[in-house]
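Residue numbers start from 1 in every chain, and the chains themselves are labelled A, B, ... in the order their sequence lines are given, proteins ahead of strands. Small disclaimer: the values here were computed from a predicted structure and weren't measured.
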Amino acid sequence: MAAAAWGGARLLWGRLRQGSGTLPGSYAVRVAPKQYLLQNKNLMWIQFSLGTDLHTVFQSYGNMPLVSISDEPDTLYRRLSVLVKGHDKAVLDSYEYFAVLAAEELGLSIEKVYEPPRKIERMTLLKSVHIYKKHRVQYEMRTYYRCLELKHLTGSTANVYLEYIQRNLPEGVAMEVKKTKIEKLPEHIQKPIWDTLPQLFPVSVVLDKICSHATPVIVDGVTSEKEETCKGQKTYYNHQAEGFPPPPPPPPPEQLGNLASDYFLGAYPALGKKLHGLNRTATALGR
Amino acid sequence: MAVTVTSFCAAGSYAWAMLPRLRGAWTLALLQSAANSTAVPQNRSESGGTHWRRREVPRHNRLLGIPRTKKMPVDQDWSNVYPVAASFKPSVVPLPIRMGYPMKKRAPPSKEGNLELIKIPNFLHLTPGAVKKHCAALKNFCTVWPTALDSDEKCEQHFPVEIDTVDYVSAGPSIRNPKARVVTLRVKLSKLNLDDHAKKKLIKLVGERYSKDTDILTITTDRCPLRRQNYDYGIYLLTVLYHESWKTEKWESEKTDADMEEYIWENTCSQKNVLDTLLRIKAAEKISDVPREELLASEIVENYKNSVVLLKNEGETEDNMSKYKESVKKLLNLQGFQ
């Protein structure tokens with residue numbers, strides 16, 4: 001096996017020397033799988049010189065599908081604003097050329113490319129460690145900016161473009177990406193829920209009943225002594241790394257009747273407390 | 001082939017040890033195939049021994065072999081030379097670049113051993129040809145923007161809520177940036193299902209976050225540690241505001257004139273005064289009692305009402321003042337005056 005690889009590598013080298021830039025795809029796949037090259041230091045030099053051709057060949061190796069399509073709807077970005085900052089204007093010029101070319105090749109619509117004015121931070125420091133107040137040295141730090149605004153991108157396209165741009169960000173350059181996502185109005189804002197509540201109970205009582213089943217969570221992270229909580233105990237902000245606390249189980253249906261949106265009240269149990277801070281009627285009902 | 005390889009390695013010369021990159025079996029290929037190389041010549045005598053003759057190349061000489069720049073064909077693929085970001089290599093880049101401050105009566109330093117050229121970031125791996133190749137491969141992962149949403153107005157009509165988030169990319173001890181958790185939610189109140197009372201109540205609840213000129217409500221949240229939490233909180237705030245503004249509390253009936261956002265003419269002293277004046281005019285002219293509703297509905301009073309409302313709501317402008325003047329003249333029958 002080693003001899004075969006060695007012989008193949010020599011042949012490849014011969015081809016390169018003759019000046020053919022491209023290699024037949026099947027040849028590379030048969031001769032030099034990637035792990036082979038890394039183990040065999042003799043062939044490392046050849047791997048480096050083959051470069052992108054070998055990489056594009058490996059994409060088809062094994063016929064693995066690289067693009068997968070899922071059912072969830074793509075997010076829509078009305079505008080993507082990429083601001084790059086650096087100390088060297090020439091580097092930013094080159095990077096702008098690259099980013100604009102990449103956007104054009106991927107078919108994105110560029111709204112505008114402009115150069116915000118540079119900012120110079122200057123400081124005057126003492127030149128000497130001790131005394132010599134009259135002798136100072138001055139430094140300045142120059143930050144140059146470049147802004148590229150794209151419009152009408154889908155989520156997948158934005159992710160692809162941004163990852164490509166960010167992987168090729170030069171040393172000493174920072175980037176800020178401002179994304180403007182557009183969304184539909186949430187379902188629970190379409191209509192006010194007050195009409196759909198059952199008329200038997202006053203609204204405050206219904207909500208407090210819901211409150212008593214819900215996990216007590218105050219979203220603003222401050223326990224307010226003034227507000228009486230549902231169960232008469234202090235409530236604390238629930239830190240979870242995965243995001244907002246999961247909604248509590250929905251209250252039994254016979255109490256709610258035709259409540260318009262279980263999600264709304266279930267996910268935001270603090271709403272009851274926020275709407276009816278000091279509710280004496282609830283306590284009077286003997287909860 | 002394998003036999004000669006081992007014999008070369010067994011020679012164990014110091015020069016070979018000093019050049020780790022050249023060690024190994026493939027150096028044989030390099031040397032043998034570089035027919036016109038100026039490297040170490042064949043040091044084998046006719047008798048077949050492998051005795052090294054007088055060294056024709058000085059020791060520690062890394063310039064063995066021809067630099068790659070001299071072996072490059074003109075029609076090569078440059079992305080094979082610089083496939084990824086790499087520092088500037090003078091033996092690989094075939095350009096006669098000079099960089100640096102020149103000494104007296106000298107040109108700027110050449111590219112060989114030039115630290116200035118190595119220090120700066122180069123874009124040799126991102127030539128237009130390479131970028132086109134990359135983008136052709138990346139195109140499969142991109143999706144198309146829906147053609148029905150070609151203008152901003154259509155986007156607003158179908159997707160009224162706008163969420164602003166910022167990502168930060170920079171090098172440093174940490175890749176995290178605490179400013180990245182800020183989320184800004186923007187929505188136009190005209191897109192929400194609000195009646196008159198609800199809209200006014202919402203504007204009062206929200207305060208500075210509403211801008212009258214653009215009719216946009218802006219909610220900025222950064223109180224949660226994660227961006228998704230801040231987004232959820234922003235949506236929650238919007239929901240609460242919407243539903244709260246539809247409710248009418250008992251104390252809202254105590255709203256005074258000072259709380260009103262705009263001037264409403266009905267039941268004001270201005271209306272009373274106008275009616276009073278008109279009635280007195282009619283009485284002076286000895287006309288019988290005209291019902292109040294008729295007076296109110298008459299065009300003169302409508303005119304006057306509009307001009308007063310304009311003045312109070314929009315302030316005093318040339319236009320508004322002249323309208324008020326005309327309406328008062330009509331009211332008091334003073335058409336002759338200037």
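- Of the possible donor and acceptor atoms, none in the side chain of Ser87(B) sits under 3.5 Å from a partner among the backbone N and O of Ile118(B).
- Using a 4.5 Å cut-off between heavy atoms, Asn177(B) makes no contact with chain A at all.
- Salt bridge absent: Lys179(B) and Asp222(B) never bring a charged side-chain N and a carboxylate O closer than 4.0 Å.
- Contact of Phe141(B) with chain A is made through backbone and side chain together, with heavy-atom distances under 4.5 Å.
- Listed options Lys151(A), Lys184(A), Glu163(A) were ranked by heavy-atom pairs under 4.5 angstrom with chain B; first place goes to Lys184(A).
- Contacts between Tyr168(B) and chain A at a heavy-atom distance below 4.5 Å involve backbone atoms as well as side-chain atoms.
- No donor-acceptor pair closer than 3.5 Å links the side chain of Tyr210(B) to the backbone N or O of Leu205(B).
- No part of Tyr82(B) comes within reach of chain A, as not one of its non-hydrogen atoms sits under 4.5 angstrom from that chain.
- Looking at Lys85(A), there are no atoms closer than 4.5 Å to chain B (heavy atoms on both sides), in backbone or side chain.
- Leu76(A) touches chain B through backbone and side chain together, each having a heavy atom under 4.5 Å away.
- The shortest distance between side-chain heavy atoms of Glu156(B) and Lys191(B) falls below 4.5 Å.
- Interface residue Glu171(A): backbone and side-chain heavy atoms are both found under 4.5 Å from chain B.
- Heavy atoms closer than 4.5 Å to chain A are found in the backbone of Val144(B), but not in its side chain.
- Taking the centre and axis of the six-membered ring of Tyr77(A), the NZ or CZ atom of Lys181(A) falls outside the cone set by 45° and 6.0 Å.
- Taking chain B as the reference chain and counting heavy-atom pairs below 4.5 Å, the highest number among Ala174(A), Ser94(A), Pro170(A), Ala90(A) is found for Ser94(A).
- For the set Arg78(A), Met175(A), Lys178(A), Glu183(A), the entry with the most heavy-atom pairs within less than 4.5 Å of chain B is Glu183(A).
- Side chain of Asn230(B) to main chain of Arg223(B): a donor-acceptor pair is present (N/O by atom type, distance under 3.5 Å, no hydrogens or angles).
- For the pair Lys188(B) (side chain) and Pro160(B) (backbone), a donor-acceptor distance under 3.5 Å is absent.
- Ion pairing of Asp167(B) with Arg227(B) is present here, as a side-chain N (NZ or NE/NH1/NH2) and a carboxylate O approach within less than 4.0 Å.
- Both the backbone and the side chain of Leu149(B) come within less than 4.5 Å of a heavy atom in chain A.
- Note: Val161(B) leads Thr184(B), Asn140(B), Val161(B), Val187(B) in heavy-atom pairs under 4.5 Å with chain A.
- Residue Glu104(A): no heavy atom, backbone or side chain, is found under 4.5 Å from chain B.
- For Leu153(A), the part lying under 4.5 angstrom from a heavy atom of chain B is the backbone only.
- Contacts with chain A were tallied for Asn193(B), Leu126(B), Asn122(B); Leu126(B) has the most, counting heavy-atom pairs under 4.5 Å.
- Looking at Cys142(B) and Tyr161(A), their side chains never come closer than 4.5 Å, going by heavy atoms from C-beta outward.
- With hydrogens and angles ignored, the 3.5 Å screen pairs a side-chain donor or acceptor of Lys139(B) with a backbone N or O of Leu106(A).
- Highest contact tally toward chain B, considering only Val160(A), Thr157(A), Ile189(A), Asn159(A), is held by Ile189(A) [criterion: heavy-atom pairs under 4.5 Å].
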Evaluate salt bridge (Lys or Arg N to Asp or Glu O under 4.0 Å) for Asp196(B) paired with Lys200(B), printing each intermediate quantity in order.
-> CA-CA 6 Å; Asp196(B) 193 46; Lys200(B) 288 189 180 148; 3.4 Å; yes
